[in-house]
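Following: one structure in structure tokens, then a few remarks.
Just so it is clear: chains get the letters A, B, ... in the order the sequence lines come, proteins before strands, and each one is counted from 1. It should be emphasised that the depicted structure is a prediction, and the values quoted were computed from it without experimental measurement.
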2 protein chains.
Amino acid sequence: MNESIATRDPDLTQARILDAAFDLFVDKGFAAVSMRELAERSGVTKSLIHHHFGTKEGLWDAVKEAAFARYYEGQKDELEGADSPDPELLKNGVTRYFRFLQENPQVVRLFTWMHLEGDTTCNEMDAELVELGARRVREAQDAGLLRSDVNPTHVVTVFINACSQWFEVRPQHKNWEGIGSDDEYLDDFLKIFMDGLAPRATGPETDGN
Amino acid sequence: MNESIATRDPDLTQARILDAAFDLFVDKGFAAVSMRELAERSGVTKSLIHHHFGTKEGLWDAVKEAAFARYYEGQKDELEGADSPDPELLKNGVTRYFRFLQENPQVVRLFTWMHLEGDTTCNEMDAELVELGARRVREAQDAGLLRSDVNPTHVVTVFINACSQWFEVRPQHKNWEGIGSDDEYLDDFLKIFMDGLAPRATGPETDGN
DNA sequence: GCATTGACTGACCGGTCGGTCAATTAGTAA
DNA sequence: TTACTAATTGACCGACCGGTCAGTCAATGC
């Protein structure tokens, strides 16, 4: 706050503002954050934020765009990295997604704010990621590695829901009696999820296809 | 708005204010709602709200308390209504919970706001409900009707998460390609969930090892 | 040198915020 | 009727809101 910028660097300034705004918006929500607060946190004047981002909504949009772009790139890379259909692949996919949310709690909160707002700006990208995952599931189904009587999109949705909601409510549930650690929850979920997705014995014999 | 109260009825007035506040807070979140807006919506003066509820926070607390009390009573009754341990019971429990959220989308949003706020006022009641459900699961496990190598609390948590997150993001996902209706999602989830919870073949019978 | 551009500032704007308060009004018990 | 209590009102408060604007200041090109 006391330090002023050594030399004029608009890019760095914008990055500073975006960082502070990300933290504050994620923490308190859009409506509960004031421009003055944002200015103080990022060490610039309120007017400067308006200069770079126009309105408060403009800044909020920029924050969401930047955060989601990072998320999107990371997830897309991981989804496209895998190749051969394999149940182990699904398990790893779930685990990686779970780890990602675990390490990025702010992303969970950001998405939750956006959902409550009815924000649809990231809808196509979101849909694309799920579509990518669903395609993997369908490949595994066609290869006879996963049961085929469930909608692949729902398979992906179930694990996304089970993971993201876990971290969304984690702060409240943390010290509940009977509830385990992140890893224990993940283990139990994977047991249920993977065994529940195992190919069904449709006939009298062991399903070999 | 035009109608004024025929005769003074403080209870009715408070109920009116609570109703309007519930709708507005659930819709826009605590910070984004103004006392003037609340007053106009409930057809009373701003001062009158302060008279009955003290502060804006006081009204918010009252709204949350009332809503959660209703939720708590309903859920508790359903959980205590069941008696014999039975896998069908778990399936019915999931279905009933799913239907409840389906019919009460505002409750989903309210809880999400509360989670983001870090609200812990309903934590004990929440924990009690999950504990009740977990006890049912444990009974079924002890009776050999469900696999025993998973934490009963996690079993309950998984289905709560899968259901509530579904409705939390539903407005955004509604017209995604590949995604089905509420009922189709529930069916697919139940397939995975129930089969994933079936007792494992550890013994002499048809064993895959 | 000088003009131009854009980053950056601080004072200021009208409006809205949550909350208060004295005064009025309607029920109620004596 | 009277006295009391509580519901209800509208005017009002200081603080804060998001946003604007004229102007300063540093870099860049000529």
Side-chain angles (χ1 to χ4, degrees), chain A residues 1-66 113-114 117 119, chain B residues 1-66 113-114 117 119:
Chain A
M1 316 294 170
N2 291 337
E3 298 184 51
S4 99
I5 309 173
T7 175
R8 293 191 176 193
D9 185 341
D11 293 336
L12 178 67
T13 302
Q14 292 195 29
R16 277 212 213 186
I17 297 171
L18 277 174
D19 282 351
F22 178 77
D23 288 346
L24 278 173
F25 282 145
V26 159
D27 187 36
K28 311 166 71 172
F30 175 76
V33 177
S34 76
M35 292 299 283
R36 283 161 179 81
E37 206 175 354
L38 285 162
E40 193 185 354
R41 181 74 75 96
S42 34
V44 302
T45 18
K46 188 163 61 77
S47 321
L48 191 52
I49 304 182
H50 279 109
H51 174 68
H52 283 299
F53 297 97
T55 65
K56 191 186 173 190
E57 275 82 8
L59 176 58
W60 180 216
D61 286 342
V63 164
K64 290 186 286 190
E65 235 166 87
W113 289 118
M114 290 170 65
E117 280 184 2
D119 193 302
Chain B
M1 314 292 174
N2 292 337
E3 299 185 50
S4 102
I5 308 172
T7 176
R8 291 191 177 193
D9 185 341
D11 292 336
L12 178 66
T13 301
Q14 292 196 29
R16 277 213 213 186
I17 297 171
L18 278 174
D19 282 351
F22 179 77
D23 288 345
L24 279 172
F25 283 145
V26 159
D27 186 36
K28 311 167 70 171
F30 175 75
V33 177
S34 76
M35 293 299 283
R36 283 163 179 83
E37 205 175 355
L38 285 162
E40 192 184 353
R41 181 74 75 96
S42 34
V44 302
T45 14
K46 189 163 61 79
S47 322
L48 190 52
I49 304 181
H50 280 109
H51 173 70
H52 283 301
F53 296 97
T55 65
K56 191 187 173 191
E57 275 82 8
L59 176 58
W60 180 217
D61 286 343
V63 165
K64 291 185 286 189
E65 232 164 271
W113 289 117
M114 290 171 65
E117 280 184 1
D119 193 301

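Atom-to-atom, CG of B:Leu12 to P of C:dA26 comes out at 17 Å; the value is rounded to the nearest Å.
Distances shown here put a side-chain N or O of B:Thr13 below 4.0 Å from the OP1 or OP2 atom of D:dT8. The shortest distance between the side-chain N/O atoms of A:His51 and the OP1/OP2 oxygens of C:dA7 is below 4.0 Å.
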Quiz item: Just by protein heavy atoms under 4.0 Å, how would nucleotides 18-26 of chain D read 5' to 3' in B, S and -?
Solution: BBBB---BS
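By the side-chain contact (heavy atoms from CB on, under 4.5 Å) test, B:Ala15 pairs with no residue at all, sequence neighbours left out. Not counting sequence neighbours, the partners of A:Asp23 by the side-chain contact (heavy atoms from CB on, under 4.5 Å) test are A:Arg41, A:Gln106.
B:Met35 has its side chain within reach of B:Ile49: a pair of non-hydrogen atoms, C-beta onward, lies under 4.5 Å apart.
Distance check, rounded to the nearest 0.5 Å: CG of B:Leu38 to CZ of B:Phe25 gives 5.0 Å. Distance CG/B:Asp19 to CG/B:Leu24: 11.0 Å, rounded to 0.5 Å.
In the helix from C:dG1-D:dC30 to C:dA30-D:dT1, the end axes, each obtained as the rotation axis mapping the C1' atoms of four pairs onto the next four within a five-pair block, lie 0° apart to the nearest 10 degrees.
The salt bridge (charged side-chain N to carboxylate O under 4.0 Å, His left out) pairs that include a residue from residues 27-37 of chain B are B:Lys28-B:Glu37, where partners are two or more places apart or lie in different chains. Sorted by first and then second residue, the side chain to side chain donor-acceptor pair (under 3.5 Å) pairs with a member in residues 43-52 of chain A read A:Gln14-A:His52; sequence neighbours excluded.
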Taking only distance into account, with no hydrogens and no angle test, what donor-acceptor pairs under 3.5 Å do side-chain atoms of residues 54-61 of chain B form with protein atoms, sequence neighbours excluded?
unit_1, atom_1, unit_2, atom_2, d
B:Thr55, OG1, B:Glu57, N, 3.4
B:Thr55, OG1, B:Gly58, N, 3.0
B:Lys56, NZ, B:Phe30, O, 3.1
B:Lys56, NZ, B:Val33, O, 2.7
B:Trp60, NE1, B:Glu117, OE1, 3.2
B:Trp60, NE1, B:Glu117, OE2, 3.0

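Distances were taken from every side-chain heavy atom of A:His52 (C-beta onward) to each of D:dA7, C:dA7, D:dT9; the shortest belongs to C:dA7.
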